[in-house]
Amino acid sequence: MYRTHTCGELNIEHIGEYITLSGWVQKSRDLGGMTFLDLRDRYGITQLVFDMETRPELCEQARKLGREYVIRVQGLVVERSNKNLKIPTGEIEIETSNMEVLSSSDLPPFTIEEKTDGGEELRMKYRYLDLRRRPLQENLFLRHKMAQEVRKFLDGKDFIEIETPYLIKSTPEGARDFVVPSRMNQGQFYALPQSPQTFKQLLMISGYDRYFQLVKCFRDEDLRADRQPEFTQIDCEMSFVEQEDVLNMFEGMCKHLFRNVKEIQLTDDFPRMPYDEAMRDYGTDKPDLRFGMKLKEITSLVQGKGFRVFDQVEYIGGISVSSCAGYSRKQLDQLTEFVTQPQVGAKGLVYLKINEDGSFKSSVDRFFNDENFHQWKKVLEAKEGDLLLILAGSRRDTLFALSELRLEMGKRLDLRNSKEFIPLWVIDFPLLEWDEDKSRFTAMHHPFTSAKSEDIKWLDSDPGRVRANAYDLVINGVEIGGGSIRIHTKKEQEQMFRHLGFTNEEAEAQFGFLMNAFKYGAPPHGGIAFGFDRLVALFGGSESIRDYIAFPKNNSGRDVMIDSPSAISEEQLKELNLRAR
RNA sequence: GGUCACGUAGUUCAGUUGGUUAGAAUGCCGGCCUGUCACGCCGGAGGUCGCGAGUUCGAGUCUCGUCGUGACCGCCA
């Protein structure tokens, strides 16, 4: 037998028991006359003690063990004379009487402890060693727990988990596809799914009513801290539902997760905010509601006063930063630098300090008087001691820059507490958005999303004005999930494809199967998909999803551990009738 | 496709205006130590300063290129 117990469970109750443990040597402390050794497995750490007086040979042997050796020991559980109350097993230790090396180990390239000395790159190369560390294990335990709770909740609501294929058909809409050459059908390719969208809709037509799947999805786009080329979604679809039904169901799922995983009770209904309001007040479709600092437009207020920068632009707006009127020249310069960096893209920054005594100090004193500034103060809902930060430019770019500035100030003022969770449904998204490069409208969500019935009348005359039955769940400024009520008639789907610039032939070739299925009794349906990796990272208090994925890819989409992607052999290429250029 | 940052001992980092023999911590090896748990003390080994060119009397340091890593923009229906 390798073990009677794990390294995390022995305590004062087990004193006097003769036990067997197996695990990894984390660290040894050789005091000469005696040696202490920390034995680790995924459950915890138990201290082994070897005494030179009672068992000299065994103690000698223990002193020679290196880090990460795998050993099995037998011994007696005894109470420590010096207890370590920092760890659960700290009141006991094992008086070892037998020890056997099961596997030796080279010296690991970084220390495998709670806090490692290893850098990102090295840890990725030796991911299997990094995964031995407690923090990484806790992340994967959290992921497991959340997956189980999702299944528990959805199963309880009569959802059934159905697997959909990974080898499917490439379509030009949306992200780039990963493609897989077919050997049996030379010159043809499968694509890996960006999402199981059409399959789950077909399942609704098949009458399964409530479907879900924890499913890998694939997108061949550049990576970010919160984006991997393969990622996991909680993919869901329901029949005979309206938007409210979907929102309520999955608000329930989120509350279930918060309650059962984080022990956080979210009792209030999640607020709902139309897309237009989110853009107006926060400059983004995923506002972080952990703090206020709403964007306010002051265009009409400030134009025509002779300040050319303001007079020549479409939009002028700002935020009021509480109690920051005391910002120094240097701090304001830093903020200017922040907003003018290419990623934010503002041309400059105008500030107005509202001093505690009610006086004003601004970078545009020459053009505006105190009466003007009083108006700014009023519109921006500012008070004495606040700092107003104003940006100007095109509406779209300036809202974006203000949104970035707002988040930056939230960060500087420590208003983005990772232990606090503020959910939000963003609703009433536009159905279509104009794509400059393609010179046509594209679906903002996806081409299967239905339009609001009251807006359909503008579909031909003013397509950009049509709102969709589409919604996103945003938590703390992170887009956690999104979905829509789908089109379920052939006619409407054909109309949509037409608006997206598909010819009838293209629509037929790519989505004929779906429109055909619509002919045979398609129920009204809708659904949602959650980014599972992001959700886990959010629960774990991190912005990067990499630490919540066992074997993630690096910034360039490489797995540096297995060194992939890699070239394939001539023989493989020949079989596929392909040539690498 | 683009912007920025980083690359020095096994590891994490420091390295001044371009100037003598490139340092620290930690890890590792050896010795001492019977209550450690960040053990302690003494000693030791360990470097193609990512790679390539250039400037210079002289380059870890400056310039250009290149590779790698990270963050971001574009992109992500």
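Labels below follow one simple rule: chain letters A, B, ... track the order of the sequence lines, proteins then strands, and each chain is numbered from 1.
The closest side-chain heavy-atom distance from M204(A) to H488(A) is not below 4.5 Å. Residues V215(A) and F532(A) form no side-chain contact, since every pair of their non-hydrogen atoms from C-beta on lies 4.5 Å or further apart.
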Restricting to nitrogen or oxygen on both sides, can you table the protein-nucleotides 22-29 of chain B pairs closer than 3.5 Å?
residue : atom : partner : partner atom : Å
rC28(B) : OP1  : R67(A)  : NE           : 3.1

Please write out each protein N/O paired with an N/O of nucleotides 42-47 of chain B under 3.5 Å, distance rounded to 0.1 Å.
none

Item to check | Residue pair F110(A), D117(A): steps toward the side chain to side chain contact (heavy atoms under 4.5 Å, CB included) verdict | outcome: CA-CA 6 Å; F110(A) 50 87; D117(A) 62 357; 3.3 Å; yes
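Listed in residue order, the members of residues 221-237 of chain A having a heavy atom less than 4.0 Å from RNA chain B are E221(A), D222(A), R224(A), A225(A), R227(A). Residues from residues 81-92 of chain A lying near RNA chain B, meaning a heavy-atom separation below 4.0 Å, are S81(A), N82(A), K83(A), N84(A), K86(A) in numerical order. Looking at residues 31-42 of chain A, you'll see L31(A), G32(A), G33(A), M34(A), F36(A) sit with a heavy atom under 4.0 Å from some atom of RNA chain B.
In this structure, R123(A) reaches neither bases nor backbone, as no heavy-atom distance under 4.0 Å exists between it and the strands shown. Using a 4.0 Å heavy-atom distance criterion, M444(A) is classed as a sugar-phosphate-only contact. Among the protein residues, P447(A) comes within range of the nucleic acid bases, having at least one heavy atom under 4.0 Å from a base atom. Across all strands shown, D220(A) has no heavy atoms under 4.0 Å from either base or sugar-phosphate atoms. Within the 4.0 angstrom heavy-atom criterion, no nucleotide atom of any strand lies near L500(A). Across all strands, S556(A) comes closer than 4.0 Å only to sugar-phosphate atoms, never to a base (heavy-atom distances).
Of the P atoms belonging to rG7(B) and rA45(B), the separation is 27 Å, rounded to the nearest Å. Atom P of rG23(B) sits at a distance of 33 Å from the matching atom of rG65(B), rounded to the whole Å.
Results of the ring pair (Phe, Tyr, Trp, His ring centres under 6.0 Å) test with F448(A) over F518(A), F199(A), F511(A) single out F511(A) as the only residue that passes.
Scored by the ring-ring contact (aromatic ring centres under 6.0 Å, His included) test, W434(A) finds F441(A) as partners (sequence neighbours excluded).
Separation of atoms CD (E79(A)) and CD (E93(A)) is listed at 10.0 Å; rounding is to 0.5 Å.
Using a 4.0 Å cut-off, no side-chain N or O of R29(A) falls inside it from OP1 or OP2 of rU36(B).
One atom, CD of E113(A), and another, C1' of rC37(B), lie 11 Å apart when rounded to the nearest Å.
Side chain Q343(A) to base rG74(B): no donor-acceptor pair is found below 3.5 Å. Evaluation of atom-type donor-acceptor distances gives a pair under 3.5 Å for the side chain of Q47(A) against the base of rU36(B).
In this structure, E494(A) does not pair ionically with R498(A), as no charged nitrogen and carboxylate oxygen lie closer than 4.0 Å.
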